[in-house]
J.: 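Before we start, here is the structure in question, set down as structure tokens.
Quick note: residue numbers are just sequence positions, from 1.
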Amino acid sequence: MSAEGRVNDFVIKLANVNGTGSASSNGLLMKSIFRMGIPVVGKNFFPSNIQGLPTWYEIRVTKDGYTCRTGTTDLMVAMNAETYAADLAELRPGGVLLYDSTWPRKDLQERNDVTVLGIPLSGMCNEAFDSARAKVLMKNVAYVGALVALLSIEMEVVENLLKETFSTKPHLMDANMQAIRMGYDYAIENFSCPLDMRLERMDKTDGYVMVDGNTTAGLGSVYAGATVVSWYPITPSTSLIDAYSIFCKQLRVEEDEGGSKVNNYCVIQAEDELAAIGMVLGANWNGARAFTSTSGPGISLMSEFLGLAYYAEIPAVVFDVQRVGPSTGMPTRTQQCDITSAAYASHGDTRHVLLFPADPTECFEMALNAFDLAERLQTPVIVLSDLDIGMNDWMIPEIQWDESYQPDRGKVYDADALKDMDKFYRYLDVDGDAIPWRTLPGVDSKGAYFVRGSGHNRYGGYTEKSDEYKDVLDRLRRKSDTAATIVPEPVVEHGVDVGAEKSWAVLSIGSCHGAIVEARDRLANEKVSFDYMRVKGFPFHSTVDEFIQKYERVFVVEQNRDAQLRQLLVNEFDINPAQLVPLLSYDGMPVGSDFIVEAIKTELQMQGAAAAG
């Protein structure tokens with residue numbers, strides 16, 4: 001389908017230079033579309049340096065409310081001469097390219113199947129503004145003004161957003177509005193406005209907000225009762241701690257008896273990831289709800305402490321906002337490449353609890369799940385988000401809070417219980433669920449015990465006896481079986497022909513979900529229907545194995561090279577590896593529906609050819 005005649009269904013891509021202030025202008029554009037009641041999603045592709053390299057912001061206008069990339073571009077705003085050629089090549093036939101024609105470029109006319117619109121943005125801003133900084137910043141605002149005319153964005157919406165943003169700085173409000181009007185007037189006077197590709201007001205955003213997953217994870221941690229965070233800065237997880245700190249300043253500041261303000265939270269920037277997780281374990285052992293956030297390199301460094309927490313049975317929550325590896329990799333690109341390293345982090349036999357949020361809503365919900373599970377199971381819980389979820393703009397329903405929520409602190413003996421017992425044994429399974437009772441420091445001397453990562457028996461004593469060591473390790477394995485029954489259950493969506501026997505299905509986790517939802521709709525239009533399971537936690541719920549066994553083939557969609565989710569499934573279940581067909585996207589870009597549609601078609605064609613042969 002060409003870009004011509006598209007209403008509320010196209011992709012805008014804005015190519016800029018990092019550090020030129022384009023982020024606020026691009027955010028203004030996306031929010032304006034959202035305020036018109038039109039579903040929209042934003043993806044930011046930025047370099048890992050501070051300034052100077054190319055950066056792109058992609059806005060998908062999607063009347064159907066899809067959340068993934070399409071892999072195509074209908075309107076390109078080319079503001080970076082270094083990437084002109086690539087930006088022009090990326091446009092689909094019938095698309096539109098808008099560029100700064102202060103310095104005309106004949107090479108942009110090389111494609112006769114796209115429309116090229118030149119606006120002297122720099123020239124206009126050089127004349128209108130005095131400071132060098134304003135001249136650079138305002139040309140970005142001016143192209144937003146041009147798009148207001150070209151796409152039929154409501155000017156009143158833009159004005160209201162600027163008023164909200166600069167309510168305390170009227171001089172900036174005036175300058176931004178001047179730049180908007182400059183771009184708008186030029187487009188009206190020189191082009192046929194609006195384009196055939198345009199916007200029309202809808203009512204599909206009522207009750208929704210635009211937010212990223214790091215923000216909602218930070219908010220969820222506050223609502224879960226977390227009072228301590230220890231962390232070391234690393235892209236793309238840093239903004240999660242920023243959000244947590246901001247929310248704590250709003251929600252966790254109390255007054256003491258004298259009327260002084262007291263912070264009921266503690267944020268510690270540690271010297272490295274090892275120190276960060278060590279402090280988290282200490283705080284949790286003392287009875288606080290504590291967490292850290294990191295990415296793949298941090299998980300590598302934290303592994304030994306995670307093993308200690310698993311073996312000594314200390315609660316902990318870790319948010320792993322995954323990025324491209326190995327090593328430093330590409331810190332500002334997304335992947336799902338920490339699945340196996342997180343599941344089995346540390347040397348020896350360990351199995352950690354993992355949660356797989358699919359969007360910012362689940363980042364909030366799974367923050368609460370993580371703290372409850374960590375204390376209930378007395379073990380580390382790792383929330384595996386990724387850069388796409390954590391740092392990009394998603395349209396989600398307004399978060400609803402259940403006022404009846406009570407934290408699940410798990411099995412904790414209080415002073416009264418300790419006084420009534422003869423002796424407390426830290427690692428004794430008295431209830432048959434493989435989860436022992438614990439105590440908190442200072443409650444009663446009867447609850448004292450020695451925390452150790454060395455060999456210990458069920459009574460908490462040191463041991464090097466093989467049978468006593470094996471007894472504890474076997475119980476930890478049974479505790480993992482208990483975890484499989486209480487992690488969030490998988491979600492199954494059946495194809496349109498519910499009840500019909502199918503030979504294949506799709507299974508996935510996390511941020512692949514949006515692309516799979518759209519791929520299912522697109523394939524359904526071609527009379528191809530399939531069942532789909534989204535796994536939300538590890539250890540895997542028993543229904544995961546039951547789902548897989550129903551089909552001859554299950555396509556496992558994930559964003560890494562080595563099919564780590566598939567490996568985990570093969571490790572945990574008695575499955576013929578050939579039954580699980582990997583569909584792998586690992587170029588660092590959020591997976592799109594195009595990739596899944598084409599990959600499934602290719603696999604089905606190959607299977608059909610093999611059967612015929």
Side-chain angles (χ1 to χ4, degrees), residues 1-16 22 25-45 56-79 83 86-99 108 111 113-117 119 143-155 157-158 183-184 187 191-205 208 210 392-395 514-515 517-519 521-522 525 589-595 597:
M1 180 179 179
S2 72
E4 298 177 3
R6 285 190 166 204
V7 177
N8 297 343
D9 186 20
F10 52 87
V11 175
I12 309 166
K13 197 164 187 178
L14 305 114
N16 299 92
S22 60
S25 298
N26 298 338
L28 173 64
L29 176 61
M30 184 190 67
K31 290 174 184 177
S32 298
I33 299 170
F34 175 77
R35 290 284 183 92
M36 289 177 62
I38 305 168
V40 65
V41 62
K43 306 289 185 185
N44 193 14
F45 311 119
W56 293 267
Y57 191 72
E58 187 175 280
I59 300 173
R60 182 179 182 187
V61 182
T62 165
K63 65 182 188 299
D64 296 315
Y66 293 123
T67 61
C68 69
R69 300 182 68 228
T70 65
T72 57
T73 303
D74 301 295
L75 171 58
M76 177 71 73
V77 178
M79 298 295 291
T83 62
D87 295 336
L88 178 63
E90 188 174 323
L91 274 171
R92 71 162 76 216
V96 176
L97 184 139
L98 186 154
Y99 82 109
L108 292 181
R111 285 186 60 179
D113 61 344
V114 301
T115 300
V116 178
L117 304 177
I119 302 178
Y143 71 61
V144 174
L147 293 173
V148 169
L150 292 167
L151 299 176
S152 194
I153 298 174
E154 296 172 9
M155 182 65 78
V157 170
V158 180
Y184 179 88
F191 310 127
S192 177
C193 298
L195 300 171
D196 289 336
M197 172 177 46
R198 65 191 186 280
L199 301 168
E200 292 180 0
R201 176 170 280 277
M202 301 179 71
D203 61 356
K204 288 192 173 183
T205 62
Y208 286 79
M210 297 296 301
N392 281 327
D393 297 306
W394 294 64
M395 190 181 91
V517 168
E518 184 173 3
D521 289 348
R522 290 174 56 183
N525 291 333
M589 305 299 280
V591 63
S593 59
D594 283 359
F595 166 80
V597 168

J.: Can you name the side-chain hydrogen bond (donor to acceptor under 3.5 Å, both in side chains) partners of Glu58, sequence neighbours left out?
T.: Arg69
J.: Going by salt bridge (Lys or Arg N to Asp or Glu O under 4.0 Å), name the residues that satisfy it together with Asp594, two or more places apart in sequence or in a different chain.
T.: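 Applying salt bridge (Lys or Arg N to Asp or Glu O under 4.0 Å) to Asp594 gives Arg522.
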J.: Using side-chain heavy atoms (C-beta onward) and a distance below 4.5 Å, is Ser25 in contact with Tyr57?
T.: no
J.: Can you check whether Glu200's main-chain N or O pairs, donor with acceptor, with Asn8's side chain at less than 3.5 Å?
T.: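 At least one qualifying donor-acceptor pair exists.
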J.: Can you check whether Thr205 reaches Met210 side chain to side chain, under 4.5 Å on heavy atoms?
T.: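 A side-chain contact under 4.5 Å is absent here.
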J.: Please evaluate residues Val77 and Asn26 with respect to the criterion side chain to side chain contact (heavy atoms under 4.5 Å, CB included), reporting the C-alpha separation (whole Å), side-chain torsions for both, the decisive distance (0.1 Å), and the verdict.
T.: CA-CA 11 Å; Val77 178; Asn26 298 338; over 6 Å; no
J.: Starting from the C-alpha separation in whole Å, work towards a yes-or-no answer on side chain to side chain contact (heavy atoms under 4.5 Å, CB included) for Thr115 and Leu195.
T.: CA-CA 11 Å; Thr115 300; Leu195 300 171; over 6 Å; no
J.: Search all heavy atoms of Ile153 against all heavy atoms of Leu147 and return the closest pair with its distance.
T.: CD1-O, 4.0 Å
J.: Does Asp9 offer a backbone N or O that forms a donor-acceptor pair with the side chain of Arg6 under 3.5 Å?
T.: yes
J.: Check the pair Ser152 / Arg198 against side-chain hydrogen bond (donor to acceptor under 3.5 Å, both in side chains), numbers first and verdict last.
T.: CA-CA 6 Å; Ser152 194; Arg198 65 191 186 280; over 6 Å; no
J.: I'd like to check Tyr143 versus Ile119 (side-chain heavy atoms, cut-off strictly below 4.5 Å). Are they in contact?
T.: no
J.: Which residues satisfy the side-chain hydrogen bond (donor to acceptor under 3.5 Å, both in side chains) test with Asp87, sequence neighbours excluded?
T.: Trp56, Thr83
J.: Please give me the minimum heavy-atom distance between Val41 and Asp393, naming the atom from each residue.
T.: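 Result for this residue pair: CG2-O, 3.4 Å.
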J.: What distance separates Arg111 CZ from Leu97 CG, expressed to the nearest 0.5 Å?
T.: 9.5 Å
J.: Measure the shortest side-chain to side-chain distance between Ile38 and Lys63 over non-hydrogen atoms and say whether it is less than 4.5 angstrom.
T.: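 With C-beta onward as the side chain, the pair stays apart.
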J.: How close do Asp64 and Lys204 get, counting heavy atoms only, and between which atoms?
T.: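 Taking Asp64 first and Lys204 second, the nearest heavy atoms are CA-NZ, 4.5 Å.
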J.: Do Leu199 and Phe10 have side chains that approach each other closer than 4.5 Å (heavy atoms only, starting at C-beta)?
T.: yes
J.: Only pairs at least two apart or in different chains count here, so list each side-chain hydrogen bond (donor to acceptor under 3.5 Å, both in side chains) that has a residue in residues 33-44.
T.: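 For residues 33-44, and leaving out neighbouring residues, the side-chain hydrogen bond (donor to acceptor under 3.5 Å, both in side chains) pairs sorted by first residue read Arg35-Glu164, Lys43-Asp388.
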J.: How long is the straight-line distance from CE of Met79 back to CG of Leu98, given to the nearest 0.5 Å?
T.: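 Answer for the CG-CE pair, Leu98 versus Met79, is 8.5 Å.
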J.: Can you check side chain to side chain contact (heavy atoms under 4.5 Å, CB included) on Leu150 and Phe191, steps first, answer last?
T.: CA-CA 8 Å; Leu150 292 167; Phe191 310 127; 4.1 Å; yes
J.: With sequence neighbours excluded, tell me which residues meet side-chain hydrogen bond (donor to acceptor under 3.5 Å, both in side chains) with Arg201.
T.: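 With neighbours one apart ignored, the set is Glu154.
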J.: Would you say that Leu29 contacts Leu14 through its side chain, given a criterion of any heavy-atom pair below 4.5 Å between the two side chains?
T.: yes
J.: Restricting to non-hydrogen atoms, name the atom on Phe34 and the atom on Tyr208 that form the minimum distance, rounded to 0.1 Å.
T.: CZ-O, 3.4 Å
J.: Which heavy-atom pair separates Leu151 from Met197 by the least distance, and what is that distance?
T.: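 What the structure gives for the nearest pair is CD2-O, 3.4 Å.
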J.: Given side chain to side chain contact (heavy atoms under 4.5 Å, CB included), test Ile12 with Ile33 step by step and report yes or no.
T.: CA-CA 11 Å; Ile12 309 166; Ile33 299 170; 4.2 Å; yes
J.: Please find the pair of heavy atoms, one from Ser593 and one from Cys68, that lie closest to each other, and give the distance.
T.: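 Minimum heavy-atom contact is N-SG, 3.8 Å.
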J.: Can you list everything that forms a side-chain hydrogen bond (donor to acceptor under 3.5 Å, both in side chains) with Tyr66? Sequence neighbours excluded, please.
T.: Asp521
